[in-house]
Participant: 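My structure is below; once you've seen it, I'll send some questions.
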Amino acid sequence: GLDILEALAAETDGLTLTNLAAKVDRKTSEVFRVVDVLKRRGYVKVDRTSDRLCLTLKIYSLAHTQTRFSRLLRDARPVMEDLARPSGPS
């Protein structure tokens, strides 16, 4: 599935199912099944005028759900909480 997503990401105008299958070196029937799932999940759409498959913005949204900053906050929180605790009588 990832090779299909990567192939579509590389093509700004999208690809037909046949062209996509050739690009990822898979049978059209195999690619059809994967693309069907990706369409149902909202990651791929079909351009009705050209019959080409294109990525949707859902893939962009997925890529940005975890930013570097949010991971930094998550990882730093326990350390910062330990540092903020009183160490006892001074």
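What you see is a predicted model; the values in this text were computed from it and never measured.
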Participant: Could you give all pairs that pass the salt bridge (charged side-chain N to carboxylate O under 4.0 Å, His left out) test and reach residues 37-60, with sequence neighbours left out?
Facilitator: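 Qualifying pairs: Asp36-Arg40.
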Participant: Identify, with sequence neighbours excluded, every residue that meets side-chain hydrogen bond (donor to acceptor under 3.5 Å, both in side chains) alongside Asp13.
Facilitator: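 Asp13 satisfies side-chain hydrogen bond (donor to acceptor under 3.5 Å, both in side chains) with no other residue.
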Participant: Please give me the minimum heavy-atom distance between Cys54 and Gly14, naming the atom from each residue.
Facilitator: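 Looking at all heavy atoms of both residues, the closest pair is SG-CA, 3.9 Å.
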Participant: What residues form a salt bridge (charged side-chain N to carboxylate O under 4.0 Å, His left out) with Arg33, not counting sequence neighbours?
Facilitator: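 For Arg33, no residue satisfies salt bridge (charged side-chain N to carboxylate O under 4.0 Å, His left out) once neighbours in sequence are set aside.
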Participant: Residues in side-chain hydrogen bond (donor to acceptor under 3.5 Å, both in side chains) with Thr12, at least two apart?
Facilitator: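 For Thr12, no residue satisfies side-chain hydrogen bond (donor to acceptor under 3.5 Å, both in side chains) once neighbours in sequence are set aside.
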Participant: Can you tell me if Leu72 has over 12 outside heavy atoms packed within less than 6.0 Å of its CG?
Facilitator: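 Yes, CG of Leu72 has more than 12 neighbouring heavy atoms, counting only those of other groups under 6.0 Å.
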Participant: What pairs meet the salt bridge (charged side-chain N to carboxylate O under 4.0 Å, His left out) rule with one or both residues in residues 18-27, with sequence neighbours excluded?
Facilitator: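 Of all non-adjacent pairs touching residues 18-27, those that pass salt bridge (charged side-chain N to carboxylate O under 4.0 Å, His left out) are Asp3-Arg26, Glu11-Lys23.
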Participant: How is the hydrophobic cluster of Val34 composed, in terms of its other members, when Ile, Leu, Val, Met, Phe, Trp and Tyr link through side-chain heavy atoms under 4.5 Å apart, directly or indirectly?
Facilitator: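 Besides Val34, the hydrophobic cluster comprises Leu2, Ile4, Leu5, Leu8, Leu15, Leu17, Leu20, Val24, Val31, Phe32, Val35, Leu38, Tyr43, Val44, Val46, Leu53, Leu55, Ile59, Leu62, listed by chain and residue number.
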